[in-house]
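See below for the structure under consideration.
Positions are given from 1 along the sequence.
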Amino acid sequence: GRCVYTLAQATGDLTSPFAAMADVLSSADLTIGSLDGTISDVNPPGRCAEDHRNLLGPTSMLPGLVRAGYDVITTATNHARDCGLERGCIYESLLDTHANLLATGIQPVGTGENLEGALAPAYFDIKGVRLAFIGLSGIDASLWAGPDTPGTGPLDQKIYTSAVEAAAAESDVTIVLPHWGQEYKNELSWLQITHADALATAGADLIVGNHPHRVQAIETLPTGAVVAYALGNFVFDQQWSDGSMFTIQGIVLKVVLRGSEIVEVTPIPIQIYDNFQPRPAPP
């Protein structure tokens with residue numbers, strides 16, 4: 001949405017935001033992302049302006065995600081109910097996004113028609129290894145799913161522990177995708193650190209977060225779980241960059257498994273050009 005949609009329109013190719021990274025992304029056995037917004041035609045998308053914080057994109061942008069080869073996308077973010085230029089929708093854009101991703105063959109995690117759906121793992125069997133994915137959001141508890149209401153998977157230890165334990169019991173590798181931390185900060189928050197430990201204790205093997213709009217630390221916990229606290233921006237329109245470039249930089253995280261063991265974790269640096277298109281970063 002926002003400037004990404006406007007600038008992609010100007011190129012005449014709505015998949016252009018992903019053009020420079022599509023080959024890298026689609027070459028993986030599984031390609032995973034985080035959608036910090038909604039994809040729905042319930043309303044027109046927001047205008048290209050930094051002060052417009054409603055991050056809905058139209059369904060015409062979905063082919064870009066397909067071109068990039070995404071298999072799993074977490075939709076558990078603080079923008080999971082964004083409705084575009086007009087207001088008045090409650091859950092429509094959230095439920096539309098879930099359905100629209102599924103229709104393209106991309107598995108959404110982290111949102112659902114109720115709490116059970118929002119916490120439901122997505123399972124993949126790749127080369128004899130079974131992987132489970134769960135999406136959680138610690139930003140804006142008012143968006144959390146309830147027993148009978150749509151929303152995001154809560155980053156609440158009392159709620160997610162049993163879901164992560166159950167996923168770990170049914171898989172060889174459990175990956176949790178949390179939306180957490182403080183925007184524009186490279187320092188980790190106390191909640192990120194404590195939730196990372198709790199998720200690993202519950203059975204998470206790989207934890208990859210976002211929300212801060214900048215790259216944060218990567219570490220291996222005592223359990224052996226790997227945590228990448230935030231990968232930074234990717235397809236995003238924050239060229240203002242605060243004078244330090246951090247909002248137009250990010251990483252793609254390449255993770256290699258041998259069986260259920262994580263044997264390689266490599267950050268691939270990217271830089272965002274023209275306020276909408278990530279490319280491999282220059283040396």
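The distance from the CG atom of Asp36 to the OG1 atom of Thr75 is 11.0 Å, given to the nearest 0.5 Å. Atom-to-atom distance recorded for Ile207:CD1 and Leu177:CG is 10.0 Å, nearest 0.5 angstrom. In this structure, Thr149 OG1 and Asn114 CG are separated by 8.0 Å, a value rounded to the nearest 0.5 Å. Taken from CG in Leu199 to CG in Leu136, the straight-line distance is 6.5 Å, to the nearest 0.5 Å.
Contact of the Pro108 side chain with the His98 side chain is registered, since non-hydrogen atoms from C-beta on lie closer than 4.5 Å. Val208 places a side-chain heavy atom less than 4.5 Å from the side chain of Leu206. Considering only heavy atoms from C-beta on, Gln9 comes within 4.5 Å of Leu14 through its side chain. You'll find the side chain of Val164 reaches within 4.5 Å of the side chain of Val176, heavy atoms only. By the 4.5 Å heavy-atom criterion applied to side chains, Leu35 and Thr74 are not counted as neighbours. Under the 4.5 Å side-chain criterion, counting only non-hydrogen atoms from C-beta, Asn186 is not in contact with Val215. Leu221 is listed as a side-chain neighbour of Asp197, based on a closest heavy-atom distance under 4.5 Å. Contact annotation: the side chain of Asp96 never approaches that of Thr38 to less than 4.5 Å [non-hydrogen atoms, C-beta and beyond].
Checking each of Glu187, His211, Gln216 against Gln192 for a side-chain hydrogen bond (donor to acceptor under 3.5 Å, both in side chains) leaves exactly one that passes, namely Gln216. Evaluated for a ring-ring contact (aromatic ring centres under 6.0 Å, His included) with His195, the options Trp180, Tyr160, Trp190 yield exactly one hit, Tyr160.
For Asn233 (side chain) and Phe236 (main-chain N/O), no donor-acceptor pair under 3.5 Å exists by modelled atom type. In this structure, Asp237 contributes its side chain and Asn275 its backbone to no donor-acceptor pair below 3.5 Å. Remark: the backbone N or O of Thr59 is paired with a side-chain donor or acceptor of Asp41 at under 3.5 angstrom. Glu170 places no side-chain N or O within 3.5 Å of a backbone atom of Ala168 that could act as its donor or acceptor partner. For Asp140 (side chain) and Asn78 (main-chain N/O), no donor-acceptor pair under 3.5 Å exists by modelled atom type. Panel note: side chain Thr97, backbone Ile39; a donor-acceptor pair is recorded below 3.5 Å. Thr247 places a side-chain N or O within donor-acceptor distance of the main-chain N or O of Gln238, the cut-off being under 3.5 Å. With hydrogens and angles disregarded, no donor-acceptor distance shorter than 3.5 Å links the side chain of Thr174 to the backbone of Ala132. Panel note: side chain Asn54, backbone Gly84; a donor-acceptor pair is recorded below 3.5 Å. Not a single donor-acceptor pair under 3.5 Å links the side chain of Arg67 to the backbone N or O of Phe18.
The heavy-atom pair separating Leu65 from Ile73 by the smallest distance is CD1-CD1, 4.0 Å. The two residues Asn210 and Leu231 make their nearest non-hydrogen contact at OD1-N, 3.2 Å. Closest approach of Gln107 to Ala122, counting heavy atoms only: CG-CB, 3.3 Å. Pro154 and Leu115 make their closest contact through CD-CD1, 3.5 Å (heavy atoms, listed as atom of the first residue, atom of the second, distance). Between Ser142 and Arg81, the closest heavy-atom pair is O-NH1, 4.1 Å. Of all the heavy atoms in Gly135 and Val109, the pair that sits closest is N-CG2, 3.9 Å.
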Item to complete: Could you walk me through whether Ser93 and Ser40 pass side chain to side chain donor-acceptor pair (under 3.5 Å), step by step?
Response: CA-CA 6 Å; Ser93 59; Ser40 171; 5.7 Å; no
Item to complete: Report the C-alpha separation of Thr152 and Ser137 in whole Å, then their side-chain angles, then the decisive distance to 0.1 Å, and conclude whether the side chain to side chain donor-acceptor pair (under 3.5 Å) test is met.
Response: CA-CA 6 Å; Thr152 59; Ser137 179; 4.6 Å; no
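Looking at Asp82 and Arg2, no side-chain N of the basic residue comes within less than 4.0 Å of a carboxylate O on the acidic one, giving no salt bridge.
Other residues, nucleotides and ligands contribute more than 12 heavy atoms inside 6.0 Å of the CD atom of Gln271. With a 6.0 Å radius and a threshold of 12 heavy atoms from other residues, nucleotides or ligands, Glu219 has its CD atom above the threshold.
Annotation: cation-pi geometry satisfied between Arg130 and Tyr123 (NZ/CZ under 6.0 angstrom from ring centroid, within 45° of ring axis). A cation-pi contact links Arg279 to Tyr273, judged by a cut-off of 6.0 Å to the six-membered ring centre and 45° from its axis.
In this structure, Ile139 stands alone, with no Ile, Leu, Val, Met, Phe, Trp or Tyr side-chain heavy atom under 4.5 Å from its own, directly or through other members.
Between Tyr184 and Phe246, the ring planes are tilted. Angles from 30° to 60° get that label.
Hydrophobic cluster membership differs between Phe234 and Ile32, with clusters built from Ile, Leu, Val, Met, Phe, Trp and Tyr side chains linked at under 4.5 angstrom.
Counting only residues at least two apart or in different chains, disulfide bond (SG atoms under 2.5 Å apart) contacts with residues 96-176 are absent. Annotation: disulfide bond (SG atoms under 2.5 Å apart) contacts involving residues 24-87, sequence neighbours excluded, comprise Cys3-Cys48, Cys83-Cys89.
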